[in-house]
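See below for the structure under consideration.
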There are 2 protein chains.
Amino acid sequence: MFERSPAERPMPTSTIEDYLKAIYAEQLARPGERVTTGRIAEALSVTPGTATSMMKTLANAGLVSYEPYGGVTLTGAGEALAMRVLRRHRIVELFLVEVLGMDWSEVHPEAERLEHVVSEKMLERMDALLGRPTFDPHGDPIPTARGDVATTDHPSLLTCEPGRHRVARVLDQSADFLRRLDRCGVVPGEVATVGARDDDGPVVVETTSGRHAFDRAAAAQILVEPVQDPATRS
Amino acid sequence: MFERSPAERPMPTSTIEDYLKAIYAEQLARPGERVTTGRIAEALSVTPGTATSMMKTLANAGLVSYEPYGGVTLTGAGEALAMRVLRRHRIVELFLVEVLGMDWSEVHPEAERLEHVVSEKMLERMDALLGRPTFDPHGDPIPTARGDVATTDHPSLLTCEPGRHRVARVLDQSADFLRRLDRCGVVPGEVATVGARDDDGPVVVETTSGRHAFDRAAAAQILVEPVQDPATRS
DNA sequence: GTAGATTTTTTGAGTAGTCAAAACTTCGGG
DNA sequence: CCCGAAGTTTTGACTACTCAAAAAATCTAC
């Protein structure tokens, strides 16, 4: 079968880093459940068979625990590695926005490539220059060098109370979606007033740039934090 | 054999970019001569057979002209691509030194990886932030976006006249060598006084940090530019 | 101008990652 | 409880890159 040797640690390939990131993301999205090979294949746009064979490779390297027909979970080593990649990704994204003045809608694919090649040294320099940041431009928390992430627990536009909220985090990072949010003024840090919702209509939000409607799928991607606003408090 | 199809241009791999860079460097070092597969193998630390087979791949892609047993030369397309890589490499190096404050002795390997992944957009931002620079931290000229390089023609410490010179360029970019130059104050922009040379002894140089001797191999790596110094002119 | 050394090319094989499609599990419904 | 749908794994094949070692070409020296 797939013999699990004591195994050297021969520098993970960027493909392996991508798989670990994907598994981590799935694990976050559905806590407790094992991640199926099907979901991984979907997330990485590979065929199911490819994902299966990579799971064996990962299991062999001690990065996931894999049960045939039973999905995978990250091991300690796998999660640690995923965190290191995520840290690189998010610091790079923030760097691209803050230092190079790139748009938050375009930094994701760039970071997707850079995360595999920036050295520890370069990362440290970026981190220092940015002032040891804790969140990236999309509001995603940046893991510490030791591998700890802040687990935030914000409601989305779909689940929050009506009223004033500060945009905290945007989950969908496709360029089109982010550009649309830009035009609406719905970006992390900005305040938006969420109108009364009916149970399956769009969510209506008011910002400095006017009123905007989001369908339920879009609304679920936008996480917010209620604003303590004395003037509006009942 | 190796059929030369009209050929699509399916995004060069980083391996291909590395081969083109190496061929370009060899071509510069010995102008006019065709580059042998042996030199390429040496430069990239692969076996001769690997270099040969890659030359066929490159020839097939229209990037080099390859004559069995007769070496290669870059085609127009090959040289254009080499220039694009070199431009990325050198802008990245300068960026790492100027913006991230890294040491000139450590940026080469970092740039070696980054050059394959930075987007045109990111490169443009770095270029702008650096003020459209024309030389990198080692004194290497930065190709323009259109692919033109300044061809400088400086003597080395081995071939220059005795007297005052400004360090213009350092060819050997190994970390150890560059750190040594740092300690000697022999870095691009600094002025050094070259002593009388005998025909096969070391070259002695005086800088603000004192007198330093370089063996002939080292001296050949350091290119200089005579300083017009009225006080010293005969 | 040929023998021996050197260099280059070929051959055969291996690793990492991928796909298409066949084979196999598992699970939900009747 | 068993059957078909859905999901998973296996198989065989392909690309890009690599090495080791055998074979071929070229160069050098006498």
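Only this structure's heavy atoms are used, side chains among them; waters, hydrogens and symmetry mates stay out. By convention in this document, chain letters (A, B, ...) are assigned in the order of the sequence lines, proteins followed by strands, and residues within each chain are numbered from 1.
- Within 4.0 Å of B:S53, counting heavy atoms only, lies at least one base atom of the nucleic acid.
- If you take CG on A:L223 and NE2 on A:H138, they are separated by 13.0 Å, rounding to the nearest 0.5 Å.
- As rounded to whole Å, 15 Å separates atom P of D:dA16 from atom CE of B:M55.
- Looking only at distances, a side-chain donor or acceptor of B:R113 sits under 3.5 Å from a matching main-chain atom of A:V117.
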Side chains of residues 95-107 of chain A: which donor-acceptor partners sit under 3.5 Å, not counting sequence neighbours?
unit_1: A:D103; atom_1: OD1; unit_2: A:S105; atom_2: N; d: 3.0
unit_1: A:D103; atom_1: OD1; unit_2: A:S105; atom_2: OG; d: 2.8
unit_1: A:W104; atom_1: NE1; unit_2: A:D182; atom_2: OD1; d: 3.4
unit_1: A:E106; atom_1: OE1; unit_2: B:K121; atom_2: NZ; d: 3.2
unit_1: A:E106; atom_1: OE2; unit_2: A:D103; atom_2: N; d: 3.0

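- A sub-4.0 Å separation between OP1 or OP2 of D:dC17 and a side-chain N or O of B:T13 is present.
- Residue A:Y66 places at least one side-chain N or O under 4.0 Å from the OP1 or OP2 atom of D:dT9.
- Within residues 42-51 of chain B, the residues approaching DNA chain C are B:P48, B:G49, by heavy-atom distance under 4.0 Å.
- Rounding to whole angstrom units, NE2 of residue A:H116 and P of C:dG17 are separated by 12 Å.
- One atom, CE of B:M54, and another, P of D:dC19, lie 10 Å apart when rounded to the nearest Å.
- Residue pairs meeting the salt bridge (charged side-chain N to carboxylate O under 4.0 Å, His left out) criterion with at least one partner in residues 57-86 of chain A, sequence neighbours excluded, do not occur; the list is empty.
- Between the side chains of A:T75 and A:S65, not a single donor N or O lies within less than 3.5 Å of an accepting N or O.
- Listed by residue number, B:T15, B:Y19 are the residues of residues 15-28 of chain B with a heavy-atom contact under 4.0 Å to DNA chain D.
- Under the salt bridge (charged side-chain N to carboxylate O under 4.0 Å, His left out) criterion, B:E115 pairs with B:K21, sequence neighbours left out.
- Rounded to whole Å, atom P of C:dG17 lies 15 Å from atom NZ of A:K56.
- For A:T47, the side-chain hydrogen bond (donor to acceptor under 3.5 Å, both in side chains) partners two or more places apart in sequence, or in a different chain, are A:T50.
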Can you give me the N/O atom pairs linking the protein to nucleotides 22-26 of chain C at distances under 3.5 Å, or say none if there are none?
unit_1: C:dT25; atom_1: O4'; unit_2: A:Y69; atom_2: OH; d: 3.2

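- Residue pairs satisfying the side chain to side chain donor-acceptor pair (under 3.5 Å) criterion with at least one member in residues 140-150 of chain B, sequence neighbours excluded, are listed as follows: B:D140-B:R169, B:D140-B:Q173, B:R146-B:D148.
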Under 3.5 Å, sequence neighbours excluded: what are the donor-acceptor pairs made by side chains of residues 24-33 of chain B?
unit_1: B:E26; atom_1: OE1; unit_2: B:R30; atom_2: NH1; d: 3.4
unit_1: B:Q27; atom_1: OE1; unit_2: B:L74; atom_2: N; d: 3.0

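- Atom CG of B:L58 is separated from atom C1' of D:dA16 by 13 Å (rounded to the nearest Å).
- A straight line from CG of B:N60 to P of D:dC17 spans 13 Å, rounded to a whole angstrom.
- For A:H108, the ring-ring contact (aromatic ring centres under 6.0 Å, His included) partners at least two apart in sequence or on another chain are A:H89.
- For B:D176, the side chain to side chain contact (heavy atoms under 4.5 Å, CB included) partners are B:R179, not counting sequence neighbours.
- Atom CZ in A:R39 sits about 16 Å away from atom P in D:dA6, given to the nearest Å.
- Residue contacts shown for B:T52 include a base, since a base heavy atom lies under 4.0 Å away.
- Considering only side-chain N and O atoms, B:T57 lies nowhere under 4.0 angstrom from the phosphate OP1 or OP2 of D:dC17.
- Scored by the salt bridge (charged side-chain N to carboxylate O under 4.0 Å, His left out) test, B:R87 finds B:D127 as partners (sequence neighbours excluded).
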